[in-house]
Amino acid sequence: MTTDDEALLARARSNDTQALGALYDAYAGRIYGYLYRRVSSAQVAEDLTADVFVKVLEALESGRPWHTSFRAWLYRIAHNVVVDWYRVQGHVEREPLDGHEAQAGEGESGTPDVWAHRDLHQALLTLTEQ
């Protein structure tokens, strides 16, 4: 973390709106990407990203900011938001990647297009930066 980042974080702790905006600009894209990879929906990821930053503001206002790493704290909040979202959604339907156990007549979740999308999503998660 650079000296500029530390100064920005110190200003954010004192509820400096410009510093909070700069932190949002710096981390919103990363948090959105993290959330999108977990929920596979752009709209849901956008909503959850907003929820993460609302929780950050609430924590700052109540005097419960991060203690060591802002980034780790932010991702922990994002993780908890995803967990809460899945709890509200109920059970998560899981399909085998090879599609052998599902039958074509099972409705939308059993169609080959959905299998292909899930296979592609899983494959994308395994890609490296290179």
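All values reported here derive from a predicted model rather than from experimental measurement.
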Between the CG atom in Leu8 and the CG atom in Leu23, the distance rounded to the nearest 0.5 Å is 4.0 Å
* Under 30°, 30 to 60°, or over 60°: which ring-plane class applies to Tyr32 and Tyr36, parallel, tilted or perpendicular? -> parallel
Output, in order, the C-alpha distance, side-chain angles, deciding distance and verdict of side-chain contact (heavy atoms from CB on, under 4.5 Å) for Asp84 and Arg87. CA-CA 5 Å; Asp84 291 345; Arg87 277 190 195 125; 3.1 Å; yes
| said: Just checking Tyr24: does its OH atom have more than 12 heavy atoms from other residues, nucleotides or ligands closer to it than 6.0 angstrom? | reply: no
Residue set satisfying salt bridge (Lys or Arg N to Asp or Glu O under 4.0 Å) with Arg11, at least two apart, ordered chain then number -> Asp16
With sequence neighbours left out, the residues meeting side-chain contact (heavy atoms from CB on, under 4.5 Å) with Tyr75 are Arg30, Ile31, Tyr34, Arg71
Heavy atoms of Ala19 and Ala12 approach each other most closely as CB-N, 3.7 Å
Donor-acceptor pairs are to be reported for all side-chain atoms of residues 42-58 against protein atoms at under 3.5 Å, with residues two or more places apart or in another chain.
{"unit_1": "Gln43", "atom_1": "NE2", "unit_2": "Asp47", "atom_2": "OD1", "d": "3.1"}
{"unit_1": "Thr49", "atom_1": "OG1", "unit_2": "Ala45", "atom_2": "O", "d": "2.7"}

Is there a path of hydrophobic side-chain contacts, each under 4.5 Å between heavy atoms of I, L, V, M, F, W or Y residues, that connects Tyr86 with Ile77? yes
